[in-house]
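Everything below concerns the one structure shown next.
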Protein chains: 2
Amino acid sequence: MSDQTIATDKLRIAILGGEYLPGERLVEAQLCERLGVSRFNVRAAIQELAADGLVKVERNKGAHVRKVSIDEAVEITEVRMVLEGLVAARAAAKVTDAQASELDEIGLLMRRAVSAGEFRRYSDLNSRLHSLIRGIAGHSTADGIIETLRGQLVRHQFMLSLHPGRPAISLPQHERIIEAIRERDPKAAEDAMRAHIASVIEALRDMDAGETR
Amino acid sequence: MSDQTIATDKLRIAILGGEYLPGERLVEAQLCERLGVSRFNVRAAIQELAADGLVKVERNKGAHVRKVSIDEAVEITEVRMVLEGLVAARAAAKVTDAQASELDEIGLLMRRAVSAGEFRRYSDLNSRLHSLIRGIAGHSTADGIIETLRGQLVRHQFMLSLHPGRPAISLPQHERIIEAIRERDPKAAEDAMRAHIASVIEALRDMDAGETR
DNA sequence: TGCGCACCGATTGTTGACAATCCTGGCCGC
DNA sequence: GCGGCCAGGATTGTCAACAATCGGTGCGCA
């Protein structure tokens with residue numbers, strides 16, 4: 001594995017992990033030490049993450065961790081809404097029996113996690129569910145874009161997942177998605193997924209209103 | 001304007017213009033001459049276009065013009081379908097009176113172009129219409145992705161636009177989109193846009209069946 | 001005191017040379 | 001004759017030094 005890959009992965013993880021805050025400047029020389037690679041590789045890593053929308057580079061001014069406003073977060077989530085809707089519809093059209101029971105399994109675990117009040121676990125299951133649906137759909141174009149967008153939202157998503165009361169709202173939505181896919185009803189699956197993510201958007205907006213008050 | 005920007009733009013135009021065919025290898029040294037810039041800038045340009053999905057780089061093997069299969073073209077267009085649907089809905093929610101008449105104007109010109117058999121002109125108007133709708137919506141996230149995807153499809157889109165009989169099919173679809181936006185009906189606008197692009201997907205598939213026969 | 005300007009350290013941009021890797025074509029042994 | 005193997009050239013990957021640019025700081029002048 002090349003230094004470049006190492007540097008890119010390390011830097012991506014550091015940013016996603018919150019070790020660099022949004023807006024924070026990324027000085028190449030510092031990153032060389034931090035990542036243990038040459039400046040050449042640091043620059044390559046920055047370029048790659050810029051393509052992913054995680055950092056923003058300004059000519060002659062270096063790179064910053066990209067700061068996504070609430071408005072942008074909403075836009076990004078809107079895009080995710082329609083894309084995951086597409087993916088859900090396609091998953092409903094292609095799902096196998098084995099995959100269907102896998103979905104059910106996750107649904108069951110989610111119910112348990114909510115009633116046990118295990119937020120963190122529920123959040124993990126949430127990721128697993130969405131990821132499994134994307135796997136079933138096998139839509140690599142949509143998949144790639146969704147993954148990129150998810151990266152840009154980690155911070156907001158994270159705050160949202162800790163919001164008390166969210167699981168109670170999203171659990172039935174998830175159940176409806178699972179049901180629609182299991183019944184191989186693409187339209188219902190798309191609608192359910194969009195309704196779910198629309199409610200995420202609402203929560204994002206509310207959260208913002210709460211913070212800026 | 002920096003050499004890097006110049007190189008990227010020139011190379012992008014050359015690829016989109018078909019001067020480099022899909023699958024063709026891009027040798028850095030050759031591009032230096034062709035573009036009149038240093039290898040450093042050539043590499044930067046290649047990186048940027050790789051992020052746009054126009055070229056694909058393989059480590060130690062250089063860059064090729066990305067070849068998009070019919071299946072990928074369909075996937076990409078599916079994504080465009082839901083994204084442009086989102087954008088159309090938002091445009092319907094935000095359109096001003098002035099913009100509404102601009103839409104109407106394009107609709108009129110389209111009808112004229114079709115009845116006069118001016119395919120090329122119709123194709124241009126098509127771009128203008130979609131572009132205007134995106135402008136009205138002002139959804140920069142969706143906009144950027146759509147633009148990127150369009151780039152990956154130029155070849156297929158181009159072949160499609162020359163397909164005889166396409167304008168007759170797509171004109172009423174465009175009219176319905178315009179009408180829905182003018183009536184400020186987001187859902188109708190989204191549906192109309194999706195129906196339109198769904199028909200493009202069908203045409204793509206047919207075209208493929210025709211070619212590979 | 002307040003404003004503008006020139007300098008300087010810090011940081012990024014660029015270059016040319018060199019190292020690593022891959023692909024081709026010809027040679028050797030079987 | 002054929003398969004594998006080993007140069008050698010072509011191409012890409014990497015580096016360290018150098019150039020250009022930015023931002024701040026302190027000086028001079030009104």
Side-chain angles (χ1 to χ4, degrees), chain A residues 1-68 151-152, chain B residues 1-68 151-152:
Chain A
M1 193 183 258
S2 69
D3 276 9
Q4 177 157 331
T5 317
I6 294 171
T8 306
D9 290 352
K10 275 192 186 174
L11 183 53
R12 172 179 283 120
I13 289 168
I15 292 174
L16 294 183
E19 296 177 47
Y20 291 101
L21 300 175
E24 187 168 349
R25 190 161 172 205
L26 298 171
V27 179
E28 296 179 0
Q30 291 173 8
L31 291 175
C32 289
E33 278 194 62
R34 180 87 146 72
L35 306 175
V37 299
S38 69
R39 195 156 79 93
F40 179 88
N41 291 305
V42 166
R43 287 178 71 93
I46 287 174
Q47 282 309 109
E48 199 157 321
L49 297 188
D52 280 357
L54 250 52
V55 311
K56 200 177 155 201
V57 299
E58 282 170 301
R59 188 178 171 78
N60 288 324
K61 292 203 200 161
H64 296 252
V65 178
R66 184 176 158 212
K67 197 186 270 178
V68 327
Q152 299 174 13
Chain B
M1 190 183 259
S2 69
D3 276 9
Q4 177 157 333
T5 317
I6 293 172
T8 305
D9 289 352
K10 276 193 185 175
L11 183 53
R12 173 179 281 121
I13 289 169
I15 292 173
L16 294 182
E19 295 176 46
Y20 291 101
L21 299 175
E24 187 168 349
R25 191 160 170 206
L26 298 172
V27 179
E28 295 179 0
Q30 290 172 9
L31 290 175
C32 290
E33 279 195 61
R34 179 86 146 72
L35 306 176
V37 299
S38 68
R39 194 155 81 94
F40 178 87
N41 291 304
V42 166
R43 286 178 71 94
I46 287 173
Q47 281 309 110
E48 198 156 324
L49 296 188
D52 280 357
L54 250 53
V55 312
K56 199 177 156 203
V57 300
E58 282 170 300
R59 189 178 168 81
N60 288 324
K61 291 204 201 161
H64 297 252
V65 178
R66 182 173 159 215
K67 198 187 270 180
V68 327
Q152 299 175 11

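Hydrogens, waters and symmetry mates are skipped; everything else that's a heavy atom, side chains included, is used. Lettering follows sequence order; numbering is per chain, from 1.
The distance from atom CD of A:E58 to atom P of D:dG23 is 9 Å, rounded to the nearest whole Å. Nucleotide D:dT12 holds its P atom 15 Å from the CD atom of A:Q4, rounded to whole Å. Going from atom CG of A:D3 over to atom P of D:dG13 covers 14 Å, rounded to whole Å. We find that CE of A:M1 is positioned 14 Å from P of D:dT14, with the value rounded to whole Å.
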Could you pull out every donor-acceptor pair under 3.5 Å between side chains of residues 29-57 of chain A and any protein atom, sequence neighbours left out?
{"residue": "A:R34", "atom": "NE", "partner": "A:Y20", "partner atom": "OH", "Å": "3.3"}
{"residue": "A:R34", "atom": "NH2", "partner": "A:E19", "partner atom": "OE1", "Å": "2.6"}
{"residue": "A:S38", "atom": "OG", "partner": "A:N41", "partner atom": "ND2", "Å": "3.1"}
{"residue": "A:R39", "atom": "NH1", "partner": "A:E28", "partner atom": "OE1", "Å": "2.4"}
{"residue": "A:R43", "atom": "NH1", "partner": "A:E28", "partner atom": "OE2", "Å": "3.0"}
{"residue": "A:D52", "atom": "OD2", "partner": "A:R12", "partner atom": "NH2", "Å": "2.4"}

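Close to D:dA10, at under 4.0 Å from its OP1 or OP2, lies no side-chain N or O of B:Q30. Note on A:S38: every side-chain N or O is 4.0 Å or more away from OP1 and OP2 of D:dT14.
Looking at heavy-atom distances under 4.0 Å, B:L26 makes contact with sugar-phosphate atoms alone, never a base.
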Protein N or O to nucleotides 6-8 of chain D N or O, pairs below 3.5 Å:
none

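Against DNA chain D, the stretch residues 39-54 of chain A makes heavy-atom approaches under 4.0 Å through A:R39, A:F40, A:N41.
Among residues two or more places apart in sequence or in another chain, the side chain to side chain contact (heavy atoms under 4.5 Å, CB included) test is passed with B:R25 by B:V27, B:H64. Qualifying side chain to side chain donor-acceptor pair (under 3.5 Å) partners for A:Q152, counting only residues two or more places apart in sequence or in other chains: A:R66.
The distance from atom CD1 of B:I15 to atom NZ of B:K10, rounded to the nearest 0.5 Å, is 14.0 Å.
Using a 4.5 Å cut-off on side-chain heavy atoms (C-beta onward), B:D3 and B:I6 make contact.
Counting 5' to 3', DNA chain C first comes under 4.0 angstrom of a heavy atom of chain A and last does so at the ends given by C:dT11 to C:dT14.
When the nucleotides D:dT11, D:dC22, D:dT14 are ranked by their closest atom to the side chain of A:N60, D:dC22 comes out on top.
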